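Have a look at the structure below before the remarks.
The model shown is predicted, which means the values in this text are computed figures rather than measured ones.
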Amino acid sequence: MGKDIIADLITSMRNADMKKKRTVRIASTKMTENLVKILLRENVIENVRKHQESNKNFLVLTLQHRRHIKPRKGIYETRALFQTVLKRISRPGLRIYSKYQRIPKILGGRGIVILSTSRGIMTDREARLAKMGGEILCYLW
């Protein structure tokens with residue numbers, strides 16, 4: 001675990017998905033709890049529960065069961081059609097901010113941009129409705 005808790009969350013979920021594990025245990029902070037609420041609402045994860053162990057709080061995430069299909073010869077990226085992709089955008093060394101008019105649309109609006117605004121963490125649709133910009137945390141498609 002490093003200092004970038006969002007990257008740790010994304011990496012833990014990606015590693016568990018590659019190993020075909022159903023549960024992931026991450027450190028519980030306000031930022032991770034808010035991100036997990038959005039991921040739960042967008043059906044990326046199935047369930048969340050809090051776990052305490054020796055005065056440390058953890059979140060135990062149950063990932064959605066996804067069907068992975070191996071690509072046939074000559075077909076590239078077949079697997080990506082059935083897999084949820086989380087990509088970290090803003091990072092501690094390079095923060096990326098956007099006004100609400102310039103929030104990117106991922107896959108023509110089918111993907112989700114998760115932003116950190118002055119009113120909390122929200123999706124791109126919520127930020128556009130509230131006319132609020134902020135730091136672009138990650139993309140989800």
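Residues meeting the side chain to side chain donor-acceptor pair (under 3.5 Å) test with Lys30, sequence neighbours left out: none. Thr32 meets the side chain to side chain donor-acceptor pair (under 3.5 Å) test with Thr29; sequence neighbours excluded.
The structure places CZ of Arg22 at 11.0 Å from CG of Asp17, a figure rounded to the nearest 0.5 Å. Taking CD1 of Ile5 as the reference point, atom CD1 of Ile26 lies at 8.5 Å (rounded to 0.5 Å). Residue Glu53 holds its CD atom at 4.5 Å from NE2 of His51, rounded to the nearest 0.5 Å. One finds the CZ atom of Arg41 at 5.5 Å from the CD1 atom of Ile38 (value rounded to the nearest 0.5 Å). To the nearest 0.5 Å, atom SG of residue Cys138 and atom CD1 of residue Ile6 are 7.0 Å apart.
The pair Lys3-Asp8 does not count as a salt bridge, with every side-chain nitrogen at least 4.0 angstrom from each carboxylate oxygen.
Side-chain contact between Val36 and Ile45 is present, with heavy atoms from C-beta onward closer than 4.5 Å. Residues Lys19 and Arg14 have side chains not in contact (no heavy-atom distance under 4.5 Å, counting atoms from C-beta outward). Using a 4.5 Å cut-off on side-chain heavy atoms (C-beta onward), Ile112 and Arg125 make contact. Side-chain contact check for Ser90 versus Tyr97: every heavy-atom pair is 4.5 Å or farther apart. In this structure, the side chains of Ile136 and Val113 come closer than 4.5 Å at one or more pairs of heavy atoms. Proximity of Trp141 to Lys87: side-chain heavy atoms (C-beta onward) are separated by under 4.5 Å at one or more points. Here the side chains of Leu63 and Thr23 are not in contact, with every heavy-atom distance at 4.5 Å or above. Annotation: side chain of Leu39 is not in contact with side chain of Val48 (no heavy-atom distance under 4.5 Å).
Within a 6.0 Å radius of CZ in Arg119, no more than 12 heavy atoms belonging to other residues, nucleotides or ligands are found.
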Please evaluate residues Leu140 and Val85 with respect to the criterion side chain to side chain contact (heavy atoms under 4.5 Å, CB included), reporting the C-alpha separation (whole Å), side-chain torsions for both, the decisive distance (0.1 Å), and the verdict. CA-CA 6 Å; Leu140 168 68; Val85 178; over 6 Å; no
Taking it one step at a time, do Met31 and Ile121 satisfy side chain to side chain contact (heavy atoms under 4.5 Å, CB included)? CA-CA 8 Å; Met31 179 72 80; Ile121 296 176; 3.1 Å; yes
Does Arg128 form a side chain to side chain contact (heavy atoms under 4.5 Å, CB included) with Gln101? I'd like the steps, not just the answer. CA-CA 7 Å; Arg128 283 189 194 98; Gln101 301 99 331; over 6 Å; no
Passes side chain to side chain contact (heavy atoms under 4.5 Å, CB included), Leu61 versus Leu9? Steps please. CA-CA 10 Å; Leu61 312 177; Leu9 168 68; 3.9 Å; yes
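Considering every non-hydrogen atom in both Ser28 and Glu33, the closest pair reads OG-OE2, 2.8 Å. Here the closest non-hydrogen pair linking Ser98 and Ile103 is OG-N, 3.3 Å. Nearest heavy-atom pair across Thr123 and Leu115 is O-CD1, 4.1 Å. In this structure, Gly133 and Thr117 approach most closely via the heavy-atom pair O-CG2, 3.4 Å. Val44 and Met13 make their closest contact through CG1-CE, 3.8 Å (heavy atoms, listed as atom of the first residue, atom of the second, distance). Nearest heavy-atom pair, Gly111 versus Leu107, reported as atom, atom and distance to 0.1 Å: N-CB, 4.2 Å.
Hydrophobic clustering (side-chain heavy atoms under 4.5 Å, transitive across Ile, Leu, Val, Met, Phe, Trp, Tyr) keeps Met122 apart from Leu137. Cluster annotation: Tyr139 is connected to Tyr100 through the hydrophobic network of ILVMFWY side chains, with a link wherever side-chain heavy atoms come within less than 4.5 Å. Cluster annotation: Val60 and Leu40 are assigned to distinct hydrophobic clusters (Ile/Leu/Val/Met/Phe/Trp/Tyr, side-chain heavy-atom contacts under 4.5 Å, transitive).
Because its NZ or CZ atom is both nearer than 6.0 Å to the ring centre of Phe58 and within 45° of the ring axis, Arg25 counts as a cation-pi partner of that residue.
Residue pairs that meet the salt bridge (Lys or Arg N to Asp or Glu O under 4.0 Å) test with at least one member in residues 89-104, sequence neighbours left out, are Arg95-Glu135.
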